[in-house]
Amino acid sequence: MSGFSSMKKNAQSSIERLSKEMGKLNSKASYDDDRFWSLERDKAGNGYAVVRFLPPVEGEDYPWVRLFSHGFQGKGGWMIENCPTTVGKKCPVCEANNELWNSGIESNKGIARDRKRKLSYIANILVVSDPTNRDNEGKVFLYKFGKKIFDKLQEATSPTSSDETKFNPFDFWQGANFKLKAHLESGYVSYDKSTFQPQSELFEGDDKRLEAMWKTQYPLQPFITADQFKPYEDLKARLDQVLKGGASEGSAVRAEEATPDDFRSKMKAAVAMPSTPPKKSPSKDTPSPAGDEEEDAFSYFKKLADDDE
């Protein structure tokens, strides 16, 4: 039995496994990586698109990966790094945050909040409708999103209301398109109004089209391999430099001198991503990834998500 046939046969039974795994997760992509799609918003902060979350690629168990990262500024510049707790390893930033929090001093707790881990997820999606970038429609991309959207995916697999139908949102045959709606709320981008459409077969259940598309999806495990996380000693040295200052010439821009352009340049250089080249070349107009759905790029460093880890 082929990998695709096996996936179709087990489509219904996989919902329990997905629901269980999502329940465990209650707690940066390169801005030049054109494998990623992001929702384009207008000047008022509004955006709309329809996407379909896709099942795991052959050889992978789950249709998403979870990542933690740190992003904050100090006397020595920006600290923008993947957090090794993603893969169960020690992180000097988390250790320093724990010390600050456990001190019981409110000012220290505030610092720890500002430096806390940032939670995000990466999944494969099909862009069904993208009114501002029609060239993206019908193409498979990677999509990086945050806890609020993941909660909606989890709600689909484990609804809290008895009158709601449980379904696998990543399924070709019994999944559903997702209406992604963005608006500004208290100065930050909110996706709370995003909802699933009624369940439907993708491509009207045409297995040939589905399998062909399935083979173009991107593997996700490379985003959480060991080489995506710097060694503890290197992170500790960078943390000390950021907090104490004294950065060497040619290194990070100092926080008090940083501009949005400095920020974007630093983001491109600092955030680790898999080195595997893209499998295809989307339109040159394809937007770069936005990082997390709740905040735009620059506000990422002004305010981290309020969700508990």
Side-chain angles (χ1 to χ4, degrees), residues 3 28-41 47 49-69 71 80-82 86-87 118-146 149-150 153 169-170 172 175 177-178 180 182 191 202 209-229 264-293 295-297 300:
K28 281 270 178 292
S30 168
Y31 277 50
D32 289 331
D33 192 337
D34 58 8
R35 295 173 296 174
F36 280 82
W37 174 88
S38 63
L39 180 66
E40 186 171 326
R41 294 178 285 108
V50 179
V51 303
R52 180 84 171 219
F53 287 92
L54 303 178
V57 301
E58 187 167 11
E60 295 187 354
D61 292 330
Y62 298 104
W64 75 85
V65 289
R66 180 186 68 170
L67 302 95
F68 288 108
S69 61
I80 309 168
E81 302 289 350
N82 289 336
T86 300
V87 290
K118 182 70 176 178
L119 174 61
S120 59
Y121 301 85
I122 297 176
N124 281 282
I125 62 165
L126 172 71
V127 177
V128 178
S129 174
D130 186 349
T132 60
N133 294 281
R134 294 294 185 185
D135 287 343
N136 293 333
E137 296 179 351
K139 296 179 181 179
V140 172
F141 291 96
L142 292 166
Y143 178 45
K144 190 174 185 182
F145 54 96
I149 286 181
F150 188 83
L153 294 167
F170 299 92
F172 281 153
N177 293 345
F178 187 67
L180 199 57
Y191 282 62
L202 190 58
R209 289 185 65 190
L210 291 171
E211 184 172 12
M213 184 185 67
W214 184 57
K215 291 179 178 179
T216 71
Q217 292 179 208
Y218 300 101
L220 302 178
Q221 288 302 306
F223 290 97
I224 55 173
T225 54
D227 61 349
Q228 301 304 307
F229 304 89
R264 295 185 183 94
S265 176
K266 179 63 178 171
M267 281 296 296
K268 291 180 180 180
V271 182
M273 288 294 286
S275 57
T276 304
K279 296 188 298 181
K280 60 181 185 297
S281 298
S283 164
K284 65 181 181 179
D285 295 326
T286 300
S288 54
D292 185 87
E293 91 278 357
E295 297 151 333
D296 62 25
Y300 175 92

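Quick caveat, the model's predicted, so the values are computed rather than measured.
- In plain terms, the two heavy atoms of Ile224 and Arg66 that are nearest each other are CG2-O, 3.8 Å.
- The heavy-atom pair separating Pro55 from Pro63 by the smallest distance is C-CB, 3.9 Å.
- For the atom pair Phe53 CZ and Trp64 CH2, the distance stands at 11.5 Å (nearest 0.5 Å).
- Here the shortest heavy-atom pairing between Leu67 and Phe223 reads CD2-O, 3.8 Å.
- Atom OH of residue Tyr143 and atom OG of residue Ser120 lie 11.5 Å apart, to the nearest 0.5 angstrom.
- Between Phe145 and Tyr121, the two ring planes are parallel [angle under 30°; tilted spans 30° to 60°].
- In this structure, CG on Asn177 lies 11.0 Å from CD1 on Ile125, to the nearest 0.5 angstrom.
- Side chain of Glu60 to backbone of Pro219: no donor-acceptor contact under 3.5 angstrom is found.
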Steps toward side-chain contact (heavy atoms from CB on, under 4.5 Å) verdict (Thr86, Gln228): CA-CA 10 Å; Thr86 300; Gln228 301 304 307; over 6 Å; no
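- Here the CG-OH distance, from Leu220 to Tyr62, works out to 13.5 Å after rounding to the nearest 0.5 Å.
- By the 4.5 Å heavy-atom criterion applied to side chains, Leu54 and Phe172 are counted as neighbours.
- Formation of a donor-acceptor pair under 3.5 Å by the Arg209 side chain with backbone atoms of Leu202 is not found in this model.
- Residues Trp37 and Asp130 bring a donor and an acceptor atom of their side chains to less than 3.5 Å of each other.
- Leu153 is not listed as a side-chain neighbour of Phe178, based on a closest heavy-atom distance of 4.5 Å or more.
- Take Ser129 and apply the side-chain contact (heavy atoms from CB on, under 4.5 Å) test, not counting sequence neighbours, and it matches Val50, Pro131, Arg134, Glu137.
- Atom NZ of Lys139 is separated from atom OG1 of Thr216 by 11.5 Å, given to the nearest 0.5 angstrom.
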For a side-chain contact (heavy atoms from CB on, under 4.5 Å) check, start with the C-alpha distance between Trp214 and Glu58, then their side-chain angles and the critical distance, and finish with the verdict. CA-CA 9 Å; Trp214 184 57; Glu58 187 167 11; 3.7 Å; yes
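- In this structure, the side-chain contact (heavy atoms from CB on, under 4.5 Å) partners of Ala182, at least two apart in sequence or on a different chain, are Leu39, Arg41, Val189, Tyr191.
- The CG atom of Asn124 sits 10.0 Å away from atom CZ of Arg35, with the distance rounded to the nearest 0.5 Å.
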